[in-house]
Protein chains: 2
Amino acid sequence: MTNQGGRREGAGRPKGSNQYGEPTRPVRLPVSQVERVLRFVREREHELPLYACGVSAGFPSPADDYSEGTLDLNTHLVRQPAATFFARARGDSMIGAGIHDGDLLVVDRSLTAEDGKVVVVSINGELTVKRMRREKGVTWLVPENSDYPPIQFQEQDEAHLWGVVTNVIHSL
Amino acid sequence: MTNQGGRREGAGRPKGSNQYGEPTRPVRLPVSQVERVLRFVREREHELPLYACGVSAGFPSPADDYSEGTLDLNTHLVRQPAATFFARARGDSMIGAGIHDGDLLVVDRSLTAEDGKVVVVSINGELTVKRMRREKGVTWLVPENSDYPPIQFQEQDEAHLWGVVTNVIHSL
DNA sequence: TTCTTGAAATATGTAACAGAATTCAAAAAG
DNA sequence: CTTTTTGAATTCTGTTACATATTTCAAGAA
């Protein structure tokens, strides 16, 4: 009866047919994080669909394919985690650059502050946001609001460059 | 000589003194993700410091305490992962709401589109962004740019509400 | 031809283990 | 008496090992 045994090519569950399509190994994690990590790795909960506006691409549906693929905010906005921080903007001195009161700024300290970049500087212990202009060897911090005057910038004890603003996050 | 044996209260490594301060357990993960996940749970690489601009709070330093704590972009911007998607804005019809050409929009489908909310709608297979106005039982989609006219909105085959814009992400 | 069944092979969650790390107190040294 | 060294106790930690589940192929039954 039992003539079904013996070594047979291709029998059994295929190698590499696990849910990840690659080898796995056990890693010890804190119990409170296990569920979150598994969602992170298995369902890629943080990668959300990205659509394009103003482009006629059939009738898009979140359940269907994503016209522009998926996006992870942290990966997309934070290129250098160790050198990145956030700053909460105050006032309307940079309204011309699209920075409103209360906006969240993504600041990268590893970028070089070239002419024309929007930078975060500390002056007298306060963080402030301005556009940097280099002109004839002089560095200016220029607000994008005609109500405010440009100020000259010299790296010293009371004035220090913190980083370059890469993104502005505005809540509606 | 060896009179140091036997059960002794308090001897040995203290219970709960592991790096997480809570019990751990082994979890099987794909090898390519192990390193990333360990950085995620151990160093909380995704939680970055948040500072306040325009507030004199001493001399802030990324190495010191963070005046405003830390922030995780995904957690902060995406409240309902299953109901959230991103949309790439095109054109300048919503410039008045701070939405520029190329901006990334965070859209929540679980929010109700009340009067005054900025919404994403599909019209003739195209996704578009407008401010919703309800007036005497009529729903209008109003651009925030006087060069464009408001259009009347009726939920039907060719016009469908996709969600409410919660955040605008602008690159500099 | 189609359905059922048995064995094979891998996936998967977790117990278990070996070595490292840490703590207390006895014993030794100064 | 004070300080340093040493040994055992206890837990942490990364990984191995294993029991069970799952999936596949093909023989046998219908």
Side-chain angles (χ1 to χ4, degrees), chain A residues 1-49 61-66 69-75 78-85, chain B residues 1-49 61-66 69-75 78-85:
Chain A
M1 298 304 156
T2 66
N3 190 20
Q4 303 165 346
R7 172 171 278 275
R8 238 182 315 116
E9 203 62 29
R13 203 162 166 171
K15 219 163 192 168
S17 69
N18 64 352
Q19 59 183 315
Y20 304 115
E22 66 171 301
T24 64
R25 76 180 180 84
V27 171
R28 197 176 279 276
L29 297 178
V31 288
S32 72
Q33 303 264 359
V34 167
E35 208 180 335
R36 184 181 176 191
V37 166
L38 288 181
R39 271 206 310 274
F40 184 89
V41 174
R42 292 223 255 257
E43 298 156 37
R44 297 177 169 275
E45 187 187 61
H46 53 298
E47 295 186 10
L48 301 177
S61 160
D64 294 351
D65 303 316
Y66 310 131
T70 62
L71 198 67
D72 172 8
L73 276 186
N74 280 332
T75 311
V78 182
R79 298 297 165 86
Q80 307 273 353
T84 300
F85 65 93
Chain B
M1 301 309 144
T2 64
N3 191 18
Q4 303 164 348
R7 171 171 281 273
R8 236 183 316 116
E9 203 62 28
R13 206 162 165 170
K15 219 164 193 167
S17 68
N18 63 353
Q19 58 183 314
Y20 303 115
E22 65 169 303
T24 63
R25 75 179 180 83
V27 172
R28 198 177 279 276
L29 297 178
V31 287
S32 72
Q33 304 264 358
V34 167
E35 207 181 335
R36 185 181 175 192
V37 166
L38 287 182
R39 271 205 310 273
F40 185 88
V41 288
R42 290 223 257 256
E43 298 156 37
R44 298 178 169 275
E45 187 187 62
H46 54 298
E47 295 186 9
L48 301 178
S61 161
D64 294 350
D65 302 316
Y66 310 132
T70 62
L71 199 65
D72 172 8
L73 276 187
N74 280 333
T75 312
V78 182
R79 300 297 166 86
Q80 306 274 354
T84 300
F85 64 92

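Letters go in sequence order (proteins before strands), and every chain restarts at 1. Values in this document were obtained by computation on a predicted structure and should not be read as measured data. Reckoned from all heavy atoms, side chains included, excluding hydrogens, waters and symmetry mates.
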- request: Consider the side chain of B:Asn18, meaning its heavy atoms from C-beta on, and name the nucleotide among C:dA11, D:dC12, D:dG14 that approaches it most closely.
  value: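 Selected nucleotide (nearest to the side chain): D:dC12.
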
Quickly work out the [X] [atom1] to [N] [atom2] distance and round it to whole Å.
X       : N      : atom1 : atom2 : result
B:Leu29 : C:dT12 : CG    : P     : 12 Å
B:Arg25 : C:dA16 : CZ    : P     : 16 Å
B:Glu22 : D:dT11 : CD    : P     : 18 Å
A:Gln19 : C:dA11 : CD    : C1'   : 9 Å

task: Mind running a 4.0 Å heavy-atom check of residues 30-39 of chain A against DNA chain C and sending the residues that fall below it, in number order?
output: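 Result for residues 30-39 of chain A: none.
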
- prompt: With sequence neighbours left out, what residues match B:Pro81 under side-chain contact (heavy atoms from CB on, under 4.5 Å)?
  reply: A:Glu45, B:Val78

message: Suppose we screen for side-chain contact (heavy atoms from CB on, under 4.5 Å). Which residues come up paired with A:Glu43, at least two apart in sequence or across chains?
response: A:Arg39

query: In B/S/- notation, 5' to 3', how is nucleotides 17-22 of chain C contacted by protein heavy atoms closer than 4.0 Å?
result: ----BB

message: Looking at every non-hydrogen atom in both residues, tell me the closest pair between A:Thr84 and B:Pro49 and how far apart they are.
response: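 Heavy atoms of A:Thr84 and B:Pro49 come nearest at O-CD, 4.1 Å.
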
Pairs meeting criterion side-chain hydrogen bond (donor to acceptor under 3.5 Å, both in side chains) with involvement of residues 22-32 of chain B, two or more places apart: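 Qualifying pairs, neighbours excluded: A:Glu22-B:Ser32, A:Thr24-B:Arg28, A:Arg28-B:Thr24, A:Ser32-B:Glu22.
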
message: Need to verify one output field. Residue with the more 5' nearest nucleotide on DNA chain C, A:Gly16 or A:Pro26?
response: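 It is A:Gly16, whose closest nucleotide lies nearer the 5' terminus.
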
By salt bridge (charged side-chain N to carboxylate O under 4.0 Å, His left out) - contacts of B:Arg36 (at least two apart): A:Asp72

query: Among all residues two or more places apart in sequence or in another chain, which pass the salt bridge (charged side-chain N to carboxylate O under 4.0 Å, His left out) test with A:Arg44?
result: A:Glu47

- request: Could you check whether the rings of B:Phe40 and A:Phe40 sit parallel, tilted or perpendicular, using 30° and 60° as the cut-offs?
  value: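 Ring orientation of B:Phe40 relative to A:Phe40: tilted.
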
field: Partners meeting side chain to side chain donor-acceptor pair (under 3.5 Å) with A:Arg42 (sequence neighbours left out)
entry: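 Per chain and number, A:Arg42 pairs via side chain to side chain donor-acceptor pair (under 3.5 Å) with A:Tyr20.
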
